[in-house]
There are 2 protein chains.
Amino acid sequence: MTAGTAGTDAIEGSSAAQAPEDTRARLLGTALRLFSEHGVEGTSLQMIADALGVTKAAVYYHFKAKAEITEAVAEPAIRELDAIVDEAATHRRRGAQIDHLLDGFVDVVVRNRVLVALFSSDPGVARALEKTLHGSQTFKSKLMTVLVGPEPDLAAEVTARVTLAGIALAGGDPDLADVDDETLRRHLLDTARRLLGRPRRHPRP
Amino acid sequence: MTAGTAGTDAIEGSSAAQAPEDTRARLLGTALRLFSEHGVEGTSLQMIADALGVTKAAVYYHFKAKAEITEAVAEPAIRELDAIVDEAATHRRRGAQIDHLLDGFVDVVVRNRVLVALFSSDPGVARALEKTLHGSQTFKSKLMTVLVGPEPDLAAEVTARVTLAGIALAGGDPDLADVDDETLRRHLLDTARRLLGRPRRHPRP
DNA sequence: GTCTATAGGCCGATAGAC
DNA sequence: GTCTATCGGCCTATAGAC
């Protein structure tokens, strides 16, 4: 694959030298595909290496541990969510905060369905991610604070947790995989707003 | 099933022999405890064996594979849920069906919080369980049918999935571990009924 | 029927040669 | 940057003691 000029069976591209970023990106893409097919736990480094045409040790050059791969795969979506939470917090009215958060949360979930299904249902991945991002306040509690305030009553807290967990898990549900993004986004947002007492936005025409 | 047709009690009176059921039950209890502490993935057969004071092979005598242990641990709760779905289906009015299902579902979730958190968040366990129970119709789709009918519109389907997933995940959430059963049950049921358009039952006094 | 002793194969991970 | 070689741990399997 490296300097084989005789072979014309190039999988993709034609240049001999691969940019380091490219190998890493290819690895992450392959990992995400295999993770979604077999689960994180069901995907071995050997499988990833074989799919890339390299050895296990080559994979270890790019990532020190398997957990680092799962983190790197999930990181973009997590960063998106994190940014949305911070943006939401800048609004003055609580209603606007909640609206911003729900819009962003549902949007990220829908656009990253496979990924969300993966790391919202895998305790190992979730744990690894919490360690990675920020040392102090976990992403989840930050999200909850914006959603229900610093000291919510139990009813509000339970409702918020049901909402977030439900959106994430239902959004990633394989049974809804053939629903297009726009439609799913509308239904999830509708459900979330109803639960949290936000006024309807999509009055049926 | 053991062929204990002698009519006498299976518990051994003389010597140090233990009833087979007892060892198996102890094993499952220990497994559940370790699973909830370290996760299924984070619990090795060696850890289970050590906690019981036996060897790995002894564990392997009672269960052919680790997956069989996780199935056996989760089975009672699954059977409960399955029975509730069937019971719910016997009601004539749809409202009564939904009520029965929600009451039972929330109750099982709350009473088996640790377990639910475990196998609703572990894709490997969930997959193994689906294979175990019934060959044809999966438990989840049966549940959905009772909840929204055989051919629901997309809005109803999304709402139902958000509800079930949210209840299960929020119910098992460690952050709500110190809420007592009765209180959690009431809040979860309230949220679920609101989402599914069932009238309130707990008007605030 | 219940368990111990032992072994094989795959896993994640590390060290060091090209 | 990628490789070979190797480690200890894991799940699984079998042979055989009591």
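Each chain gets a letter, A, B and so on, in the order its sequence line appears, and its residues count up from 1.
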Look for any protein N or O under 3.5 Å of an N or O in nucleotides 16-18 of chain D and output each such pair with its distance, or none.
none

Using a cut-off of under 3.5 Å, enumerate the N/O to N/O pairs linking the protein to nucleotides 3-6 of chain D.
unit_1 : atom_1 : unit_2  : atom_2 : d
D/dC3  : OP2    : A/Thr55 : N      : 2.8
D/dC3  : OP2    : A/Thr55 : OG1    : 3.0

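Taking all atoms of both residues into account, the shortest heavy-atom contact from B/His100 to B/Ile84 is CD2-O, 3.8 Å. In plain terms, the two heavy atoms of B/Val179 and B/Arg113 that are nearest each other are O-NH2, 2.5 Å. Nearest heavy atoms, B/Ala160 versus B/Leu147: CB-CD2, 3.9 Å. Here the shortest heavy-atom pairing between B/Ala89 and B/Val146 reads CB-CG2, 4.3 Å. The minimum heavy-atom distance linking A/Ile167 with A/Ala192 is given by the pair CD1-CB, 4.0 Å.
Between B/Thr145 and B/Glu151, the closest side-chain pair of non-hydrogen atoms is not below 4.5 Å. Side-chain contact check for B/His187 versus A/Thr159: every heavy-atom pair is 4.5 Å or farther apart.
Residue B/Lys64 contributes atom NZ, which lies 15 Å from atom C1' of D/dT14 at whole-angstrom precision. Note: CD1 (B/Ile69) to C1' (D/dT12) measures 12 Å, nearest angstrom. Atom CG of B/Leu52 is separated from atom P of C/dT4 by 11 Å (rounded to the nearest Å). If you measure from atom CZ of B/Phe63 to atom P of C/dT2, you get 12 Å, rounded to the nearest angstrom. In this structure, A/Lys66 places its NZ atom 18 Å from C1' of C/dT14, rounding to the nearest Å. Rounded to an integer number of Å, the gap from B/Tyr61 OH to C/dT2 P is 4 Å. For A/Leu27 and D/dG1, the CG to P distance is 13 Å, given to the nearest whole Å. In this structure, B/Tyr60 places its OH atom 18 Å from C1' of C/dG1, rounding to the nearest Å.
Here the side chain of B/Arg198 pairs no donor or acceptor atom with the backbone of B/Asp99 at under 3.5 angstrom.
Contact annotation: B/His62 does not reach the phosphate of C/dG1 (side-chain N/O to OP1 or OP2, under 4.0 Å).
The side chain of A/Ser44 lies closest to C/dC11, out of C/dC11, D/dT2, D/dC10.
With sequence neighbours left out, A/Phe63 forms a side-chain contact (heavy atoms from CB on, under 4.5 Å) with A/Arg24, A/Leu27, A/Leu28, A/Glu68, A/Ile69, A/Ala72.
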